[in-house]
Amino acid sequence: MNIGIMIIAIVGGAAGLLSTLYLTISFPAVILWKIGRRVFRGIPLTK
């Protein structure tokens, strides 16, 4: 297989993996942050 295609495949795979990991970690973190603010400070979830 061509080395250029292999490099593009590796870079594309790494970009997909990193974006998936970011979303997997950030969504629950934001939800927990908002629930924590609601419980401890009484701030509405929509603010």
Side-chain angles (χ1 to χ4, degrees):
M1 196 180 257
N2 189 358
I3 189 70
I5 293 175
M6 288 296 291
I7 291 173
I8 291 172
I10 291 170
V11 169
L17 180 66
L18 289 174
S19 64
T20 300
L21 287 174
Y22 174 76
L23 291 173
T24 303
I25 294 169
S26 67
F27 281 169
V30 169
I31 291 170
L32 290 174
W33 176 259
K34 287 186 169 287
I35 290 173
R37 289 187 340 157
R38 173 72 176 137
V39 170
F40 295 117
R41 297 191 180 174
I43 300 172
L45 291 175
T46 55
K47 273 195 170 182

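Predicted model, so just to flag it, every value in this text is computed and none were measured. Heads up: numbering here begins at 1 and tracks the sequence.
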Single-linkage hydrophobic cluster I35~F40, side-chain heavy atoms < 4.5 angstrom: yes

Linked, directly or transitively: V30 and I25 (ILVMFWY side chains, under 4.5 Å): no

For T20, the option from L23, T24, L17 that meets side chain to side chain contact (heavy atoms under 4.5 Å, CB included): T24

